[in-house]
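The model shown is predicted, which means the values in this text are computed figures rather than measured ones. First the proteins, then the strands, lettered A, B, ... as listed; each starts at 1.
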2 protein chains.
Amino acid sequence: MSTDTGHDQSKSKTSAEPRDRYTVGSVARALTVLDTVAAAPDEGISVSEIARALGTSKSTAFSLVRTLVHRGFLREVLPGPRYHLGMALVRLGDQANRGFPLGRVCEPVLLQLSRDTGLTTRAAISDQGYPIFIARVDSPGAIRFHTALGVRELPHTSSAGKAILSQMSRGDLEALIAETGLPRRTRKTITTLADLELDLEATRRRGYAIDDEEDVEGIFCIAAHFVDRTGKVTGAVSATGIKLDQSSRQIEELGQAVQRAAEAVSALVSDSGRRGMML
Amino acid sequence: MSTDTGHDQSKSKTSAEPRDRYTVGSVARALTVLDTVAAAPDEGISVSEIARALGTSKSTAFSLVRTLVHRGFLREVLPGPRYHLGMALVRLGDQANRGFPLGRVCEPVLLQLSRDTGLTTRAAISDQGYPIFIARVDSPGAIRFHTALGVRELPHTSSAGKAILSQMSRGDLEALIAETGLPRRTRKTITTLADLELDLEATRRRGYAIDDEEDVEGIFCIAAHFVDRTGKVTGAVSATGIKLDQSSRQIEELGQAVQRAAEAVSALVSDSGRRGMML
DNA sequence: CGAGTTGTACGGCACTGCCGAACACAAGGG
DNA sequence: CCCTTGTGTTCGGCAGTGCCGTACAACTCG
């Protein structure tokens with residue numbers, strides 16, 4: 001997840017290590033605290049555990065946590081005390097979302113698509129080929145599986161990713177895959193470049209991408225890419241549901257609905273195009 | 001501390017103010033940067049402006065910004081460069097939301113209520129009497145007005161606030177109002193304690209609270225409180241729309257729908273009550 | 001053109017953030 | 001019952017580091 005310097009937890013050697021070019025150490029540590037708490041289980045995490053995770057002393061971790069709590073970025077939940085992410089992050093996260101025009105543009109389309117299909121719908125932007133979901137509309141029954149916002153997903157195991165990949169040039173595709181590899185997530189995950197290209201070809205033919213339990217067992221997704229007014233692929237719209245609920249004929253209909261939604265997004269993006277671009 | 005270089009720092013009192021007890025200064029500054037960027041207009045904000053806002057030197061602000069960008073908490077948007085809130089905040093904000101069980105519990109109820117009414121629906125928790133919205137389902141046509149998550153709203157100008165206030169004891173109410181006052185937001189805002197108590201009495205009678213352009217001109221809301229299994233008021237559900245769209249008879253129906261939704265939340269909260277409480 | 005911005009880079013002082021030690025408290029296990 | 005080993009929290013003190021000032025490039029405005 002966090003790029004993090006990782007190995008530099010060696011406290012204060014000498015000045016041999018140029019120490020990440022001009023960044024503030026204690027701030028970086030504080031951000032790592034946030035990531036650590038985010039990665040913690042639902043019951044929260046204690047100061048000692050945080051200290052161990054950062055490789056700092058308890059007292060240092062305590063100071064950082066104090067500061068973050070004081071400002072609402074963490075919240076104390078007793079007894080323990082243990083810590084959760086705080087209200088300030090909810091606030092800033094919501095704000096940050098608004099900063100991506102795409103999110104606002106997609107929202108009504110996703111809502112409509114969710115109503116039409118009864119599924120959870122999401123929109124992702126393409127971050128150098130990787131999908132990052134930035135908007136989501138949950139279906140009423142979708143409490144089972146959690147889908148996070150703001151994280152870079154794998155391109156080859158998500159339908160949104162494959163929708164994006166399907167529009168890339170051969171060279172870019174190979175470069176991207178060389179970088180990430182094709183890690184297996186389920187027994188149905190595509191793990192060879194040849195299979196992937198076959199799938200992408202099929203995707204191009206039918207106009208939408210299918211993820212049939214390739215990322216999570218029992219979950220399937222359908223996605224279609226959308227473009228800005230210059231024709232560049234900027235992201236994808238996806239619908240997600242439980243495998244068992246779908247018949248193969250429905251998939252066809254779903255695919256077309258998703259495709260129409262993606263086209264709607266493309267149109268809306270072009271409209272609001274004269275203003276600042278997405279991302 | 002040493003010679004008085006402190007031109008602007010309010011902490012100029014040397015040791016009088018022991019400087020917020022045991023918090024890390026540079027981290028606090030970094031968090032202030034985030035708040036500053038969040039408060040910035042849509043075009044973003046520059047390093048110099050940030051520096052001025054914090055009262056630090058440009059170079060210091062630059063270091064902080066660098067660190068935050070490096071970790072994805074801010075993003076550079078050229079030219080300028082100017083800065084926006086970054087992806088990491090979207091990620092953590094989404095995570096933080098999950099940390100409030102209430103949000104997850106309310107989501108389906110809000111969704112249903114939004115479908116039934118065609119309005120934007122929200123759920124707030126009560127933070128010592130102040131409503132903080134932590135979940136929201138936008139109506140398709142609700143792109144006009146923005147409703148933020150995670151911020152403490154005024155209790156007397158929001159329907160959710162009044163729904164909560166209506167269940168408080170007289171003493172607590174007066175203490176709360178003494179603290180916050182009754183600042184005017186529109187010409188319809190309730191600005192006297194007597195009027196407020198009248199309104200709260202009416203709220204108790206009818207079972208739901210109405211905000212009739214008391215917070216924002218042209219906007220009206222309806223809200224009902226919900227309780228945990230001990231009967232304590234933990235928050236409120238609200239529906240928000242444009243004033244002109246509603247007739248007075250519809251308001252009656254809306255009120256009942258909102259009330260039913262709030263009761264549904266109360267029931268759900270009680271069910272999942274054996275686990276950690278909300279907030 | 002100069003006078004005002006802006007963003008970025010670097011050296012050096014002293015302040016502040018970090019550590020370790022020490023504390024109170026709680027939970028087990030002899 | 002103590003003793004041990006965990007917590008969370010406080011504090012003094014050293015030195016590392018974060019802050020400021022300065023400097024310079026690029027850019028805009030008159």
Side-chain angles (χ1 to χ4, degrees), chain A residues 5 8-33 37 40 43-70 74-84, chain B residues 1-9 11-15 17-33 37 40 43-70 74-84:
Chain A
T5 51
D8 95 331
Q9 83 170 338
S10 59
K11 354 195 156 183
S12 50
K13 277 305 166 80
T14 51
S15 52
E17 189 68 42
R19 156 176 147 258
D20 256 281
R21 57 169 193 178
Y22 295 96
T23 64
V24 182
S26 61
V27 171
R29 264 185 293 272
L31 301 182
T32 304
V33 169
V37 175
E43 320 93 55
I45 187 172
S46 70
V47 172
S48 297
E49 290 167 316
I50 293 173
R52 274 193 294 274
L54 319 198
T56 68
S57 67
K58 256 193 311 178
S59 32
T60 299
F62 185 68
S63 294
L64 295 172
V65 166
R66 250 294 167 89
T67 309
L68 292 167
V69 168
H70 189 64
L74 291 181
R75 51 191 248 270
E76 224 169 35
V77 42
L78 302 165
R82 306 184 84 77
Y83 295 92
H84 285 182
Chain B
M1 39 186 92
S2 76
T3 56
D4 55 340
T5 53
H7 8 283
D8 53 333
Q9 302 298 66
K11 62 169 76 162
S12 48
K13 286 302 170 48
T14 314
S15 56
E17 186 68 44
R19 152 176 151 262
D20 261 282
R21 56 172 196 177
Y22 295 95
T23 64
V24 182
S26 60
V27 171
R29 264 185 292 271
L31 301 182
T32 304
V33 169
V37 175
E43 320 94 55
I45 187 172
S46 69
V47 172
S48 298
E49 291 168 316
I50 293 173
R52 273 192 295 274
L54 321 196
T56 68
S57 67
K58 255 194 314 177
S59 29
T60 299
F62 185 66
S63 294
L64 295 172
V65 166
R66 240 237 226 226
T67 309
L68 292 167
V69 168
H70 188 64
L74 291 182
R75 48 193 251 271
E76 226 168 40
V77 43
L78 301 166
R82 306 185 82 78
Y83 295 92
H84 285 181

Closest listed nucleotide, where the reference is the side chain of B:Val24 and the choices are C:dC19, D:dC20, C:dG17: C:dG17
Across all chains, not counting sequence neighbours, the side-chain hydrogen bond (donor to acceptor under 3.5 Å, both in side chains) partners of B:Ser57 are B:Ser59, B:Thr60
Where each pair must be Watson-Crick or G-U wobble with both distances under 3.5 Å, what dot-bracket representation of DNA chain C is obtained, with crossing pairs in [ ] and other-strand partners as |? |.||||||||||||||||||||.|||||||
With sequence neighbours excluded, residues passing side-chain hydrogen bond (donor to acceptor under 3.5 Å, both in side chains) with B:Thr67: none
Protein-nucleotide distance (A:Arg29, atom CZ; D:dG18, atom C1'), rounded to Å: 11 Å
The side-chain hydrogen bond (donor to acceptor under 3.5 Å, both in side chains) partners of A:Glu76 (sequence neighbours excluded) come to A:Tyr83
Could you tell me whether A:Ser57 contacts a base, only the sugar-phosphate backbone, or nothing, with contacts defined as non-hydrogen atoms closer than 4.0 Å? base
Give the rounded distance in Å between these two atoms: CG of B:Leu78 and C1' of D:dA26. 15 Å
Between protein and nucleotides 6-10 of chain D, what N or O pairs are separated by less than 3.5 Å?
unit_1: D:dT7; atom_1: OP1; unit_2: A:Arg52; atom_2: NH1; d: 3.2
unit_1: D:dT7; atom_1: OP1; unit_2: A:Arg52; atom_2: NH2; d: 3.3
unit_1: D:dG8; atom_1: OP1; unit_2: A:Val47; atom_2: N; d: 3.3
unit_1: D:dG8; atom_1: OP2; unit_2: A:Ser48; atom_2: N; d: 3.3
unit_1: D:dG8; atom_1: OP2; unit_2: A:Ser48; atom_2: OG; d: 2.4
unit_1: D:dG8; atom_1: N7; unit_2: A:Lys58; atom_2: NZ; d: 3.1
unit_1: D:dG8; atom_1: O6; unit_2: A:Lys58; atom_2: NZ; d: 3.2
unit_1: D:dT10; atom_1: OP2; unit_2: A:Arg66; atom_2: NH2; d: 2.7

List the residues meeting side-chain hydrogen bond (donor to acceptor under 3.5 Å, both in side chains) with A:Arg82, not counting sequence neighbours, and say none if there are none. A:Glu49
B:Leu74 side chain near B:Val33 side chain, heavy-atom distance below 4.5 Å: yes
How far does CD1 of A:Ile50 sit from CD1 of A:Ile45, to the nearest 0.5 angstrom? 5.0 Å
